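To start, the structure itself, in structure tokens.
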Amino acid sequence: ELKVEQNPLFLSMQEGKNYTIYCNYSTTSDRLYWYRQDPGKSLESLFVLLSNGAVKQEGRLMASLDTKARLSTLHITAAVHDLSATYFCAVVFNFGNEKLTFGTGTRLTIIP
Amino acid sequence: NAGVTQTPKFRILKIGQSMTLQCTQDMNHNYMYWYRQDPGMGLKLIYYSVGAGITDKGEVPNGYNVSRSTTEDFPLRLELAAPSQTSVYFCASSYPGLGSPYNEQFFGPGTRLTVL
């Protein structure tokens with residue numbers, strides 16, 4: 001079964017702190033996406049990770065991919081209130097049809 | 001470019017009614033997708049299309065139909081609406097091809113549907 005699991009599901013953290021969101025997936029894939037969704041809004045692409053060891057950074061967010069462990073992480077450094085949102089990882093398991101399988105999301109709340 | 005547009009933004013249906021959710025993209029993307037997002041959950045794929053005239057089922061296709069007569073449009077049809085179809089529906093498009101290893105999916109703003 002093709003599964004993508006995220007943890008934690010909910011995360012409340014103080015401004016200025018660091019934390020990591022984890023994304024595990026069930027079978028081989030070489031492409032993983034991270035999306036952000038603000039309440040009532042659509043999804044915004046953050047990162048695309050293509051290969052083992054890939055690391056991408058944008059501002060206070062850094063994403064990495066370990067294809068052998070089937071694990072991606074989204075690390076938040078010195079959190080600020082603007083980062084409050086729900087974060088989803090999504091995996092392409094079948095490169096022929098490019099279907100995305102989404103995780104259930106991590107709802108992140110940054111407390112001043 | 002407008003990107004991916006969806007209409008309507010909101011809709012309330014009675015049980016048993018039918019409707020079509022519209023999706024249009026102006027990026028000349030050949031792949032298009034329909035997802036539903038239930039409250040507090042991730043997105044689940046309903047149907048997808050790899051080009052005009054070609055469609056296939058996703059994870060949760062029951063109760064829905066699609067067609068793809070043009071590259072730009074990918075409407076989703078609900079026949080005999082049921083309360084279980086209350087959800088937010090997102091359309092997306094992408095362009096996998098040579099020189100495009102990322103194949104990023106671009107999402108529309110969504111349609112919030114309530115079936116009472």
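Nothing here was measured: the structure is a model prediction, and the numbers come from that model. Chain A is the first sequence line, chain B the second, and so forth, proteins listed ahead of strands; every chain is numbered from 1.
Heavy atoms closer than 4.5 Å to chain A are found in the side chain of Tyr35(B), but not in its backbone. Using a 4.5 Å cut-off between heavy atoms, Leu2(A) does not touch chain B at all. In this structure, the portions of Leu43(B) lying under 4.5 Å from any heavy atom of chain A include both its backbone and its side chain.
Scanning all heavy atoms of the two residues, the minimum distance from Lys99(A) to Tyr48(B) falls at CD-CE2, 3.3 Å.
Applying the 6.0 Å contact sphere to CD1 of Ile12(B) captures no more than 12 heavy atoms from other residues, nucleotides or ligands. For Lys44(B), the NZ atom sits in a loose shell: 12 or fewer heavy atoms of surrounding residues, nucleotides or ligands are nearer than 6.0 Å. The local environment of CZ in Arg36(A) is crowded, with over 12 non-hydrogen atoms from other residues, nucleotides or ligands closer than 6.0 Å.
Expressed to the nearest 0.5 Å, how far CE of Met41(B) lies from CZ of Phe88(A) amounts to 9.5 Å. Rounding to the nearest 0.5 Å places CD of Glu59(B) at 7.0 Å from OG1 of Thr101(A). Taken to the nearest 0.5 Å, the OG atom of Ser45(A) stands 7.0 Å off from the CZ atom of Phe106(B).
Side-chain heavy atoms closer than 4.5 Å link hydrophobic residues (I, L, V, M, F, W, Y) into clusters, and following such links, even through other members, never connects Tyr47(B) to Leu100(A). Hydrophobic clustering (side-chain heavy atoms under 4.5 Å, transitive across Ile, Leu, Val, Met, Phe, Trp, Tyr) keeps Phe74(B) apart from Tyr31(B). The hydrophobic clustering, which links ILVMFWY residues whose side-chain heavy atoms are closer than 4.5 Å, places Leu113(B) and Tyr64(B) together. Phe107(B) and Leu76(B) are not part of a single hydrophobic cluster, where members link through side-chain heavy atoms under 4.5 Å apart.
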For this session: Decide yes or no on side-chain contact (heavy atoms from CB on, under 4.5 Å) for Phe90(B) and Gln37(A), but give the supporting numbers first.
Result: CA-CA 12 Å; Phe90(B) 289 101; Gln37(A) 186 179 37; 3.6 Å; yes

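Side chain of Ser42(A) to main chain of Gly108(B): a donor-acceptor pair is present (N/O by atom type, distance under 3.5 Å, no hydrogens or angles).
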